[in-house]
Amino acid sequence: MKDYVFGANILENLTTGMYQDSKVIYREYIQNACDQIDKAVKDEILKQDEGTIKIWLDRDQRTIVIEDNATGIPAASFQQTLGNIADSDKKIGEDKGFRGIGRLCGLAYCKELIFISSAKGEDTVSLMVCDAKKMRGLIDENTRGKKHTANEVLNAINRFEQKKTNDIDSHFFRVELIDINPENTDLLDFQQVKDYLSFVAPVPYQSSFYYRTDVYKHAQELGVKIDEYNITLNGEPIFKKYTTILKDSSTGTKYDDIFGVHFQDFYKNGELFAWMWVGVSRFQKAIPKINQMRGLRLRKENIQIGGEDALQKLFKEDRGNSYFIGEVFAVNKDLIPNSQRDYFNENPARAYFELELRRYFNEELRKIYYTGSTINSSYKKIDAYEKKNTEFKEKDKAGVFVDKEHRERELKVVLESKKEAENALEKIDKIKDKADGLMQKVIQRIEVERPKPVIAVVVPPIKPPKDDEEESEKSGMFRRTDRLSQYNKAERKLISKIFSIITSVTDSKTAEMIISKIEEGLQ
């Protein structure tokens, strides 16, 4: 049989060329640790919930350590397990990782990559030391014409060692990334890493997310498990950062909230294919980026697939996904994450998954955010009318109107706004009559917070200021120029004429500002 040659470039494809975001190293090593914790629980090495994954960042020493207390790797199989590439014994649909290449990703971001492990009942600690800097140098030589095979590179950079230990009950696997590259310093940024893990890693929901109990209950009713593990970063537990508060990007204050969760399940031939929860808000607008939890996120075995926008392409509009928070849990075993783990492999299962989600997103969820937007827009028109009506009453009472025409123009604006408010109220009633399911919940919530408004009759016409000053005096009506009592009648009449021109050529707000300034100057 011919010996096929794999050039050094294949290592470049599996390390520096594989991922766009360096933080995937955490996901890859956590994924492997989770599989081993599951195996340790199954083999009764650990009790349920005893498994831990501890991550330590040392910015000064520029090191990252990721350690689990799972099965460890027996000394006899250590070199074969870690030395071979893409030769994993794991199985698709049962294990979270299965390609046997994820552990290589760290080679792209540090000077030295070390794996250390010990299995329960053994007096041996095994080490594999990988000279990552040397690997990158050899790959660079290869691309410049000095050919190396992948086998030559691996033999040149890998070193295996074994040490004796008295702690035969110890069982662990530890990854050490030594001397992180200067251009990858973000890997040592505690907050960035914490934010990343808070959505990507398979961790519990934080306690402030009130509706987590509903999510757990629904999963239990479906007979599926949400995989969760104890993961700490520099000793601090990591949780999924879902909350019930939506913040405005400009003020940082609450503008809406999540007041419930809605579930949708997807079946094929009677078997659960995927399921999802979506947070129910008033859907006032696309959720601003300041809310890190925004977007429907795709998960498999409770590890996030891709970023917050992995499902965006299934909406007709790019903005669609940003109106929601929630998670889609892929259940079917044939939904297989691709090697970058940013989506699924192309196969019939993926095609069916996309068909079902695309239908639900665009026939149901799109209607929700469109209708929500219509309702909120309608209430804004009602609010605008109420504000204009109140302002008109106050101006009328204070005698702010310059003359009869000024008052009529302002009254016309109020009446037009009243008509828009009545149409808006009619639109809300029609939506309410047709609403069901999730939309009904949204409307009910809005009506709890603000009862159905009554479009009151605009202020009854009162006796307006007379155009003629003498008639005004006879009627006892207040005129705006009466404030300027230091001026004689002719002067006040001229000033009133100027005020009238101003109100006729500019909008109400600007006119009031100009007139007030003139009055201040004339006082």
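Taking 4.5 Å as the limit, some side-chain heavy atom of Cys34 sits within range of a side-chain heavy atom of Ile53. Counting heavy atoms from C-beta on, the side chains of Phe361 and Leu311 come closer than 4.5 Å. Proximity of Thr244 to Ser208: side-chain heavy atoms (C-beta onward) are nowhere separated by under 4.5 Å. Considering only heavy atoms from C-beta on, Thr63 stays 4.5 Å or farther from Cys110 through its side chain. Residues Glu364 and Leu438 form no side-chain contact, since every pair of their non-hydrogen atoms from C-beta on lies 4.5 Å or further apart. Two residues are said to be in side-chain contact when any heavy atoms from C-beta on lie closer than 4.5 Å; Asp248 and Lys285 meet this criterion. At a threshold of 4.5 Å between non-hydrogen side-chain atoms, the residues Phe353 and Asn347 do not count as touching. A heavy-atom distance below 4.5 Å is found between the side chains of Tyr267 and Leu272.
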*asked:* Please evaluate residues Phe199 and Glu308 with respect to the criterion side-chain contact (heavy atoms from CB on, under 4.5 Å), reporting the C-alpha separation (whole Å), side-chain torsions for both, the decisive distance (0.1 Å), and the verdict.
replied: CA-CA 9 Å; Phe199 289 102; Glu308 67 175 62; over 6 Å; no
*asked:* For a ring pair (Phe, Tyr, Trp, His ring centres under 6.0 Å) check, start with the C-alpha distance between Phe273 and Phe266, then their side-chain angles and the critical distance, and finish with the verdict.
replied: CA-CA 5 Å; Phe273 207 78; Phe266 303 91; 8.8 Å; no
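A 6.0 Å sphere centred on CD of Gln440 holds more than 12 heavy atoms belonging to other residues, nucleotides or ligands. Counting non-hydrogen atoms of other residues, nucleotides and ligands closer than 6.0 Å to CD of Gln191 gives a total above 12. The 12-atom threshold is not exceeded at CD of Glu44, counting heavy atoms of other residues, nucleotides or ligands nearer than 6.0 Å. The 12-atom threshold is exceeded at CG of Asp167, counting heavy atoms of other residues, nucleotides or ligands nearer than 6.0 Å. In the displayed structure, Lys111 atom NZ is contacted under 6.0 Å by at most 12 heavy atoms of other residues, nucleotides or ligands. For Lys54, the NZ atom counts as loosely surrounded, since its 6.0 Å shell holds 12 or fewer non-hydrogen atoms of other residues, nucleotides or ligands.
The backbone N or O of Gly51 sits less than 3.5 Å from a side-chain atom of Asn230, completing a donor-acceptor pair. For the pair Tyr29 (side chain) and Gly106 (backbone), a donor-acceptor distance under 3.5 Å is present. Remark: the backbone N or O of Asp227 is paired with a side-chain donor or acceptor of Asn302 at under 3.5 angstrom. Under a 3.5 Å cut-off, the side chain of Gln192 and the backbone N or O of Leu187 do not form any donor-acceptor pair. The main-chain N or O of Gln312 is never found under 3.5 Å from a side-chain atom of Asp318 such that the two would form a donor-acceptor pair. Using modelled atom types, no side-chain atom of Ser118 and backbone atom of His171 make a donor-acceptor pair closer than 3.5 Å. Panel note: side chain Asn362, backbone Lys316; a donor-acceptor pair is recorded below 3.5 Å. Using a distance-only test at 3.5 Å, with no hydrogens or angles considered, no donor-acceptor pair links the side chain of Arg294 to the main chain of Pro288. A donor-acceptor pair under 3.5 Å links the side-chain atoms of Asp21 to the main chain of Lys23, judged by distance alone. Although no hydrogens or angles enter the test, the distance criterion places a donor-acceptor pair under 3.5 Å between the side chain of Asn338 and the main chain of Asp342.
What you find for Met135 and Val153 is that their closest heavy atoms are CG-CG1, 3.9 Å.
With sequence neighbours excluded, the residues forming a side-chain contact (heavy atoms from CB on, under 4.5 Å) with Arg319 are Glu317, Ser322, Tyr323, Tyr369, Tyr370, listed by chain and number. Shown here are the side-chain contact (heavy atoms from CB on, under 4.5 Å) partners of Gln48, two or more places apart in sequence or in another chain: Val41, Lys225. Considering only residues two or more places apart in sequence or on other chains, Lys247 meets the side-chain contact (heavy atoms from CB on, under 4.5 Å) condition with Ile245, Ile290, Asn291. Remark: Glu141 pairs with His148 by the side-chain hydrogen bond (donor to acceptor under 3.5 Å, both in side chains) rule, at least two apart or across chains. Under the ring-ring contact (aromatic ring centres under 6.0 Å, His included) criterion, Phe329 pairs with Trp275, not counting sequence neighbours. The ring-ring contact (aromatic ring centres under 6.0 Å, His included) search around Phe263 returns His218, not counting sequence neighbours. Remark: Thr149 engages Val5, Asn151, Glu152 in a side-chain contact (heavy atoms from CB on, under 4.5 Å) (not counting sequence neighbours). Checked against ring-ring contact (aromatic ring centres under 6.0 Å, His included), Phe283 has the following partners two or more places apart in sequence or in another chain: Phe324.
With Glu327 as the partner, the salt bridge (charged side-chain N to carboxylate O under 4.0 Å, His left out) test is satisfied by one option alone out of Arg212, Arg297, Lys240: Lys240.
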Residues 123-134 side chain polar contacts: donor-acceptor under 3.5 Å, at least two apart:
unit_1, atom_1, unit_2, atom_2, d
Thr124, OG1, Lys164, NZ, 3.4
Asp131, OD1, Lys133, N, 3.4
Asp131, OD1, Lys134, N, 3.0

Report, one line per pair, each donor and acceptor closer than 3.5 Å where one atom sits in a side chain of residues 174-185; sequence neighbours left out.
unit_1, atom_1, unit_2, atom_2, d
Arg174, NE, Glu176, OE2, 3.1
Arg174, NH1, Glu67, OE1, 2.9
Asn181, OD1, Arg136, NH2, 3.3
Asn181, ND2, Ala108, O, 3.0
Asn181, ND2, Asn184, OD1, 3.2
Thr185, OG1, Arg62, NH2, 2.9
Thr185, OG1, Pro182, O, 2.8

With a 3.5 Å cut-off and sequence neighbours excluded, list the donor-acceptor pairs that the side chains of residues 69-78 form with protein atoms.
unit_1, atom_1, unit_2, atom_2, d
Asn69, OD1, Thr52, N, 2.8
Asn69, ND2, Glu50, O, 3.1
Thr71, OG1, Gln36, NE2, 2.7
Ser77, OG, Pro74, O, 3.4

Throw together a table of side-chain donor-acceptor distances under 3.5 angstrom for residues 253-261, partners on residues two or more places apart or in other chains.
unit_1, atom_1, unit_2, atom_2, d
Thr253, OG1, Thr251, OG1, 2.7
Asp256, OD1, Arg282, NE, 3.1
Asp256, OD2, Arg282, N, 3.0
Asp257, OD2, Arg445, NH2, 3.2

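Here Ile157 contributes atom CD1 and Leu113 contributes atom CG; the two are 9.0 Å apart, rounded to the nearest 0.5 Å. A distance of 12.5 Å separates CD1 of Ile30 from CG of Asp35, quoted to the nearest 0.5 Å. To the nearest 0.5 Å, atoms CG (Leu138) and OG1 (Thr143) are separated by 11.0 Å. Of the inter-residue distances, the one linking Arg27 atom CZ with Gln304 atom CD reads 9.0 Å to the nearest 0.5 angstrom. Between Ile375 atom CD1 and Gln284 atom CD the span is 11.5 Å, to the nearest 0.5 Å. Atoms CD1 and CD1, from Ile231 and Ile238 in turn, are 8.0 Å apart once rounded to the nearest 0.5 Å.
Proximity of the aromatic rings of Tyr205 and Tyr211 is defined here by a centroid distance below 6.0 angstrom, and this criterion is not met.
Under 4.0 Å is where a charged nitrogen must lie from a carboxylate oxygen, and between Lys268 and Glu356 no such pair does. In summary, Glu354 and Lys313 engage in a salt bridge, as defined by a charged side-chain N under 4.0 Å from a carboxylate O.
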